[in-house]
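For reference, the structure is listed below as structure tokens.
In the text below, chain A, chain B and the rest are named by the order of the sequence lines, each starting its count at 1. No hydrogens, no waters, no symmetry mates; every other heavy atom, side chains included, goes into these values.
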Number of protein chains: 2
Amino acid sequence: MRIGEIAALVGLTTRAIRHYHHVGLLPEPERRPNGYRAYSVRDAVLLARVRRLTELGLGLDEVRDALADDAGRELAEILKELDADLARQEADIRERRRRLGALLAEPPGATGPVSPGLAALLAQAPRTDSPSAAKDREYLTLVDATGTGSQEIFALLATLVADPAVVELYERLDALAEAPADDPRIVLLAADLMAAVPDELFAAIPQDGVVVAGLKEALLAEYAPAQAEVVRRLMDAFMKRGRG
Amino acid sequence: MRIGEIAALVGLTTRAIRHYHHVGLLPEPERRPNGYRAYSVRDAVLLARVRRLTELGLGLDEVRDALADDAGRELAEILKELDADLARQEADIRERRRRLGALLAEPPGATGPVSPGLAALLAQAPRTDSPSAAKDREYLTLVDATGTGSQEIFALLATLVADPAVVELYERLDALAEAPADDPRIVLLAADLMAAVPDELFAAIPQDGVVVAGLKEALLAEYAPAQAEVVRRLMDAFMKRGRG
DNA sequence: AGAAACCCTGCCGTTGCGTCAAGGTCAAGG
DNA sequence: CCTTGACCTTGACGCAACGGCAGGGTTTCT
């Protein structure tokens, strides 16, 4: 048989068979005078076996081991490993499909799924289009997505934002967008903000901030100078009180 | 944030993030004076989304589409496709595990699983260590594995080999191993062989032989000249009677 | 001041072939 | 006889999503 014929017979492509030769899975057969590969019935039998095994999901080197004429013990081991591997993959796929289903179920917000704690928090928060509030929501969504924040903190924050007075605080922060870094309102706002934070929340803040040091700078970089000053004061206070 | 920080935050490797820049999934952020990438909170949010989507199994270009700020409709479509794809994969894996289980269940013969028809045939066949019979078994295993043979033919063959007289025929074929191509026993054996084949079997042979022309030559190449002559006569007869 | 722990830009390796590219070979038909 | 067309040959690049390494600079801690 020529390569195309044996390929059609066992249901492989010529390219695959040449590949098997290349990687040493199947030795190169004799050649005809014209250089064509001349395959025997035994080659076909071997290739049929190779096909069965690769279709089961074995890698080519595993197939090589399994075919190494000492098949017996070796093979069973490989197959058991493979089955375990497939079981893992299957569970994996099921988990993914589960999450996919959750995603497909609720298409309102494009922000993706959030933990129940954060969901409650966002539901509690007053409807405002303050840019600063938007930044906060973005930040909270991030810490939620990264698993950095605890449900406890979200709960405490929920009681905080339930107070309609926070809207005014956000507006005062927004108002500092164009202000210089030494604007007197900075100190006042920082003090009022800290006064609004209940003690339990202070206690709940993890001492090393938010796991990643650089996140603090990145956060400050999002604000105008005067606003950043307010946020910095708040964060410093959280750090100190959190520790003490 | 530097790349290592944001990577730790969202749970990716720095290498992956750089890869995303490279393929245009996420634009390169500003650089610090020293050349380090400087990431913002928004980058972290984006990367968190990327991670969620890739973990679901989306390819990077699909993620790119899904993130293209028009997310809404596009995304749901992609996700539904993905779910269908995962369903296929899951079924696939289950099928593979099923066959794996079958393989693990019966480890006696290393030849792999055979169709019920062939199994019955092999069980019926008398125990002989005739090399010619071994060739036949190999050949039958091959056509079975490739799905080239029908269960009907196996059944007809089973009735044929149930006759203990076939052993003698095989032995006469073996005896021709060293014979010249014009040995008088050739004609006799060929005639006896054809006489042993029931008419139903002739009728059941597909007219175009065995799908692949070259298989015939390959088969003949396995025999010594005199034996090949016998086999060739048999095959010719099959071809002619099969058609007529 | 030196080591540890970062960061940078390439470039090769992985898996199992698909897909050209740039040709030889062979059987059949005008 | 010459031309298709369907085969065959070797060789090399492409793919998906990064991992790992080389060879170098920066920052930071001690």
Side-chain angles (χ1 to χ4, degrees), chain A residues 1-26 28-39 43 47 50-67 82 85 89 92 96 211-215 217-218, chain B residues 1-26 28-39 43 47 50-67 78 82 85 89 92 96 212-215 217-218:
Chain A
M1 282 176 285
R2 289 171 302 174
I3 194 170
E5 296 172 328
I6 198 176
L9 180 62
V10 301
L12 293 168
T13 65
T14 64
R15 189 58 184 86
I17 296 178
R18 278 194 275 255
H19 184 57
Y20 296 157
H21 293 321
H22 193 69
V23 299
L25 184 55
L26 188 73
E28 289 268 3
E30 302 289 296
R31 302 292 185 124
R32 295 186 185 173
N34 59 16
Y36 289 12
R37 292 177 179 83
Y39 291 91
D43 291 322
L47 282 176
V50 169
R51 187 188 170 193
R52 275 195 322 106
L53 294 178
T54 58
E55 278 182 345
L56 285 176
L58 278 80
L60 294 191
D61 37 6
E62 294 170 312
V63 172
R64 181 165 35 227
D65 294 349
L67 255 65
L82 177 61
D85 196 53
Q89 285 185 42
D92 213 70
R96 267 146 62 174
V211 172
V212 177
L215 181 53
E217 315 158 28
Chain B
M1 280 176 288
R2 289 171 304 176
I3 194 170
E5 295 171 328
I6 198 176
L9 180 62
V10 301
L12 293 168
T13 66
T14 63
R15 190 64 184 78
I17 296 179
R18 278 194 275 258
H19 183 58
Y20 296 157
H21 293 322
H22 193 68
V23 299
L25 184 55
L26 188 73
E28 288 268 3
E30 302 289 296
R31 301 291 185 124
R32 294 188 185 172
N34 59 16
Y36 288 12
R37 293 178 177 82
Y39 291 91
D43 291 322
L47 282 176
V50 169
R51 187 190 168 191
R52 274 195 321 105
L53 294 178
T54 58
E55 278 182 344
L56 286 175
L58 279 80
L60 294 192
D61 37 6
E62 293 170 311
V63 172
R64 183 165 33 229
D65 294 350
L67 254 67
I78 295 181
L82 178 62
D85 196 51
Q89 286 185 41
D92 214 69
R96 266 145 64 173
V212 176
L215 181 53
E217 315 158 28

Any side-chain N or O of A:Arg37 below 4.0 angstrom from OP1/OP2 of D:dT9?
yes
Closer than 4.0 angstrom, basic N to acidic O: yes or no for A:Glu28 and A:Arg37?
yes
Measure the CG-CD1 distance between B:Leu47 and B:Ile17 for me, rounded to the nearest 0.5 Å.
5.0 Å
Nearest 0.5 Å, what's the CG-CD distance between B:Leu25 and B:Glu62?
11.5 Å
Provide, to the nearest angstrom, the distance between the CZ atom belonging to A:Arg32 and the C1' atom belonging to C:dG24.
15 Å
Scan nucleotides 20-22 of chain D against the protein and return all N/O pairs shorter than 3.5 Å with their distances rounded to 0.1 Å.
{"unit_1": "D:dG20", "atom_1": "O6", "unit_2": "B:Arg15", "atom_2": "NE", "d": "3.0"}
{"unit_1": "D:dG20", "atom_1": "O6", "unit_2": "B:Arg15", "atom_2": "NH2", "d": "3.2"}

Mind calculating the distance between CD (A:Glu55) and P (C:dC17) to the nearest angstrom?
10 Å
Whether each nucleotide of nucleotides 23-30 of chain D has a protein heavy atom under 4.0 Å at its base (B), only at its sugar-phosphate (S) or at neither (-) is summarised, 5' to 3', as --BBS---
Gap separating the CG atom of A:Leu82 from the CD atom of A:Gln89, nearest 0.5 angstrom:
8.5 Å
If the threshold is 4.0 Å, N to carboxylate O, is there a salt bridge linking A:Glu5 and A:Arg2?
yes
Below the 4.0 Å mark, does D:dG19 have OP1 or OP2 next to a side-chain nitrogen or oxygen of B:Thr13?
yes
When rounded to whole Å, the CD1 to P distance for the pair A:Ile3 and D:dA6 reads 19 Å
Once you round to the nearest 0.5 Å, how far does CG of A:Leu53 lie from CG of A:Asp65?
11.0 Å
Nucleotide C:dG16, atom C1' - distance to CG of A:Leu26 in whole Å:
16 Å
Value rounded to 0.5 Å, distance of OH in B:Tyr36 from CD1 in B:Ile3:
11.5 Å
Separation of atom CZ in A:Arg18 from atom C1' in C:dC20, rounded to whole Å:
13 Å
Within this structure, what is the NE2-to-C1' distance between A:His21 and D:dC8, rounded to whole angstrom?
13 Å
Atom pair CG (A:Leu26) and NE2 (A:His21), whose distance is rounded to the nearest 0.5 Å:
5.0 Å
Given D:dC8, is OP1 or OP2 found less than 4.0 Å from the side-chain N or O atoms of A:Thr14?
no
Is there a side-chain contact between B:Tyr20 and the phosphate of D:dC18, meaning an N or O under 4.0 Å from OP1 or OP2?
yes
Are the side chain of B:Arg64 and the backbone of B:Val23 linked by a donor-acceptor contact shorter than 3.5 Å?
yes
Gap between atoms CD1 and C1', on A:Ile17 and C:dG18 respectively (whole Å)
15 Å
Whole angstrom is fine here: how far is it from NE2 in B:His19 over to P in D:dC15?
12 Å
Both distances under 3.5 Å, Watson-Crick or G-U wobble: report the partner of C:dG29, or none.
D:dC2
What does A:Arg31 touch in the nucleic acid at a heavy-atom separation under 4.0 angstrom: a base, only the sugar-phosphate, or nothing?
sugar-phosphate
